[in-house]
Amino acid sequence: MTDALITILVMCAVLLVIALKKKDGSAKRSSFTAVHMLINVLPVLLIAFLIAGLIQVLLPSETIAAWLGDEAGWKGLFIAPLAGALVQGGPFTFFPLFSSVFQQSMGIGASVAMITGWGMINVGHLPYEFAFLGPRFAALKYGICIFIPPLAGAAAQLLFG
Amino acid sequence: MKYTVIIMSAVAAVLLGTAWFMGGAPLMTEGLRSGIFMLVPIIPILLAAFFAAGLITELISKELIYRWLGEGAGWRGPLLGTLAGALVPGGPFFFYPLIATLYASGASGGTVFSFVAAKTLWSVGRVPLEIAFVGTELTLIRLGVTFFLPMLVGMLVNIFFRRFSERIRRDVQLIRNRRGGMND
């Protein structure tokens, strides 16, 4: 928890220096942007934590471990991204849910596969892809990207597991 | 955003109902409490993450992206697409119209697909949040093992799907014409 706070504060400091060096008021504007984003996202965030809390109580960690934990083996690398791909509501929903419900019961490989699957093959993107780029784009994107989460998970498991 | 709130409220309501059904009021309160206990310790990190995201949003402009990726990107397309995709902030309602514009204005298929891959895989604006919840180590591992993938995706498209990519470009142009060019 502390290492995360330090990492982010360092990021803030570096970015702030860049913004201040530009001398065009972008440092000031970014605080407004941040507050604006926070206010916009606050309802989603609160509901997301409510959902995460309820799922934590309702879904026993043994069940998750059996499907996605180390004992699930390679199977987890394929199930995890599919589960991730179904989670809607953006990073403010996914990350709290992931860290509170799944992370403890999952290995490194399945974790990487799930986060990657949530981002890359999220079903919530389909309407946008169809609306702005058409069905051929969606077909090619999912055709290629569907392989990436299990591959990334396997690499993470082999190298760092 | 409104739509998201409605859907999520519905999901929360269903879960609340399930908790009620399975364990009555005690289980419901336990769920609520565990949600609050998750939220409270993360608040300082969350505030810092929002500040970082605000800075990133302010520093990377749409104009910068267009200047990088326009017609002239050439063979560097997948590399530049990857960089831009990783850096550009905003959700799907923002970046899909953006890449449709890129496609229509002549960016190569490889550029566009590298952009989408990097955006959905990394998205720098999201990284503070990922670190906040998931931790620095797992985030770094994930970024490390996927480092070359977006470029690879773009190169794959440029080499094996060139003709298909041109058909996608025609799709995009058709969609834009149908809307009377109101996507910009």
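To find a chain, count down the sequence lines: A is the first, B the second, and so on, and within it residues start at 1.
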Handout entry: Plane angle bin for A/Phe95 and B/Phe133 - parallel if under 30°, tilted between 30 and 60°, otherwise perpendicular
Key =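 Parallel: the ring planes of B/Phe133 and A/Phe95 meet at under 30°.
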Exercise for the section: Look only at the side chain of A/Glu129 and the backbone of B/Tyr96, and say whether a donor-acceptor pair between them is shorter than 3.5 Å. Expected result: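 Pair absent, no side-chain N/O of A/Glu129 close to backbone of B/Tyr96.
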Which region of [X], side chain (C-beta onward) or backbone (N, CA, C, O), has a non-hydrogen atom less than 4.5 Å from a non-hydrogen atom of chain B, or is it both or neither?
| X | answer |
| --- | --- |
| A/Phe137 | both |
| A/Phe130 | backbone |
| A/Leu9 | side chain |

Exercise for the section: State, yes or no, whether a side-chain contact exists between A/Leu133 and B/Ile175 at a heavy-atom distance under 4.5 Å. Expected result: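 Answer no - side chains too far apart.
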Fill in the blank from the handout: Heaviest contributor of heavy-atom pairs below 4.5 Å to chain B, chosen from A/Met11, A/Arg29, A/Gln56, is A/Arg29
Exercise for the section: Heavy atoms only, distances under 4.5 angstrom: which of A/Ala113, A/Pro96, A/Ser31 has the most pairs with chain B? Name it, please. Expected result: A/Pro96
Taking atom [atom1] of [X] and atom [atom2] of [Y], what is their separation to the nearest 0.5 Å?
| X | Y | atom1 | atom2 | answer |
| --- | --- | --- | --- | --- |
| B/Trp122 | A/Thr116 | CH2 | OG1 | 11.0 Å |
| A/Ile144 | B/Leu149 | CD1 | CG | 11.5 Å |
| A/Leu5 | B/Ile131 | CG | CD1 | 11.0 Å |
| A/Leu58 | B/Met28 | CG | CE | 11.0 Å |

Practice task
Apply ring pair (Phe, Tyr, Trp, His ring centres under 6.0 Å) to B/Tyr103 and list each qualifying residue two or more places apart in sequence or on a separate chain.
Solution key: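 Per chain and number, B/Tyr103 pairs via ring pair (Phe, Tyr, Trp, His ring centres under 6.0 Å) with no residue.
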Problem - B/Phe95, part contacting chain A, at a heavy-atom distance under 4.5 Å - result: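 Only the side chain of B/Phe95 comes within 4.5 Å of chain A.
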